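Both counts, for ligands and for their atoms, begin at 1 and track the order of listing. Just so it is clear, the model here is predicted, and its values are computed rather than measured.
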Amino acid sequence: MPSTFIAKGADAYEASMGRWSRKLAAPFLAFAGVPSHGRVLDAGCGTGSLTLALAAHPELTAIEALDFEENFVAALRARTNDPRVSARKGDVCALPHEDKSFDAAYSLLVLHFVSNAEEAISEMRRVLKPGATAAAAVWSHDGMPSWRLFWNTIRAIEPEAEGNGIPSGPRPMTAEGELRALFESAGFADVAEARLTMMMDYANFEDFYLPKVYGQGRFSAFFEALPEARRERLREALRAAYLDGRSEDGPRAFESVAWAVRGVG
Ligand SMILES: C[S@@+](CC[C@H](N)C(=O)[O-])C[C@H]1O[C@@H](n2cnc3c(N)ncnc32)[C@H](O)[C@@H]1O
């Protein structure tokens, strides 16, 4: 399997992750740059947070999006009728595009889920016109406090969850410099790295808990198979962790970090 990202469905993805991608898309594009004309690629588009941010640039003539989850591709198609946008099912490690055919290539929060990220990065380089830029971003393992709170609470209460949607350690490339090194070894020039920050803000415990528990296929399946008493014990532990010693439920905001890299092909 070329990915460790197991989707549960487009709506569940939107609630658990798509909302953060939408927030991250603007600082990511500010760092990556958008060409003044031409055709661009969103490799691993998900439900289209970045694709739609690219479509806000009227100077682009074609925005091509690709993801191997058919239902994400369908959700993206349903979100826009912009004739410049096209979305298809495909593998970022074997892009179905011609060499030197894009004016920019982007991949937002994808490469740390791809089993062979080197292949995906070299494919992004292959499809770029000479002198064009590719850019990618991945979450920082240490820069995801709300997710670490979630994962670590679950590990403490239900150790069997590890490997069932709860990662058993940092994903590849989620530390500073790792994605940058892959861009350099793929032959990109003028490689630059940036630390992008944004707030993951939750309205209340339910807003924190429900999308995380039901948003990702493998953990949701594990959770739903637990006896009710164990699900309730987990919920109470997560609620205590979210409340963090305060008696009132309500908004909480967690500063979160992604590593972004760009390079010239
Ligand atoms: C965390 S999501 C990010 C999606 C989107 N870029 C966003 O920011 O919302 C990771 C995406 O990568 C896709 N993906 C993972 N491996 C892939 C591969 N080898 N080829 C195409 N898509 C892949 C998944 O299906 C999923 O949509």
Side-chain angles (χ1 to χ4, degrees), residues 1-29 31-32 40-56 63-80 85-97 104-124 126-127 134-141 143-144 146-147 151 165 167 171-174 179 182 196 198 200 211-212 215-220 256-261:
M1 171 174 279
S3 169
T4 55
F5 185 87
I6 313 290
K8 170 118 191 225
D11 290 343
Y13 174 77
E14 266 302 295
S16 70
M17 285 310 293
R19 60 174 162 170
W20 310 130
S21 298
R22 276 202 298 282
K23 279 183 98 165
L24 195 59
F28 174 65
L29 288 180
F31 164 75
V40 299
L41 173 68
D42 181 3
C45 59
T47 49
S49 298
L50 182 66
T51 313
L52 298 183
L54 286 163
I63 300 138
E64 301 202 17
L66 170 137
D67 199 286
F68 76 16
E69 282 294 336
E70 186 78 61
N71 60 358
F72 287 3
V73 170
L76 166 55
R77 288 192 189 122
R79 286 176 73 188
T80 181
V85 173
S86 60
R88 66 165 98 170
K89 182 176 156 84
D91 184 355
V92 295
C93 299
L95 291 173
H97 305 98
Y106 307 97
S107 189
L108 181 62
L109 306 176
V110 176
L111 296 176
H112 48 340
F113 294 112
V114 175
S115 310
N116 194 340
E118 287 91 342
E119 251 172 45
I121 292 168
S122 105
E123 278 292 89
M124 287 172 77
R126 176 183 67 74
V127 301
V138 293
W139 289 118
S140 154
H141 179 78
M144 295 275 278
S146 65
W147 285 87
W151 291 329
R171 292 185 185 284
M173 283 173 299
T174 54
L179 182 58
L182 287 191
L196 307 180
M198 53 159 281
M200 289 193 184
K212 283 184 166 46
Q216 205 257 62
R218 195 180 297 162
F219 180 69
S220 297
S256 306
V257 177
W259 296 114
V261 170

Min N/O separation F113 to ligand 1 under 3.5 Å: no
Sub-4.0 Å atoms of ligand 1 with respect to non-hydrogen atoms of L109: 1 (C), 2 (S), 3 (C), 10 (C)
Per-atom contacts, ligand 1 versus V114 - under 4.0 Å to a heavy atom: 16 (N)
K23: side chain to side chain donor-acceptor pair (under 3.5 Å) partners, not counting sequence neighbours: D201
Contact partition for V92 relative to ligand 1, non-hydrogen atoms under 4.0 Å: both
Polar atom proximity, E69 to ligand 1 (N or O, under 3.5 Å): no
N or O contact, D67 vs ligand 1, cut-off under 3.5 Å: yes
Contact check: T47 vs ligand 1, nitrogen or oxygen atoms, below 3.5 angstrom: no
Atoms in ligand 1 with a heavy atom of F72 nearer than 4.0 Å: 27 (O)
Side-chain touch P27/M198, heavy atoms, less than 4.5 angstrom: no
Subset of ligand 1 atoms that lie under 4.0 Å from at least one heavy atom of G46: 4 (C), 5 (C), 27 (O)
Ring geometry between Y106 and F28 (parallel below 30°, tilted from 30 to 60°, perpendicular above 60°): perpendicular
S21: numbered ligand 1 atoms lying under 4.0 Å from its heavy atoms: 7 (C), 8 (O), 9 (O)
Beyond-backbone contact of L109 with L50, side-chain heavy atoms, under 4.5 angstrom: no
Contact check, G18 vs ligand 1, heavy-atom distance below 4.0 Å: no
G44, C93, G90, A65: member with heavy atom nearest to atom 21 (C) of ligand 1: G90
Partners meeting side chain to side chain contact (heavy atoms under 4.5 Å, CB included) with R79 (sequence neighbours left out): E14, R22, T47, L52
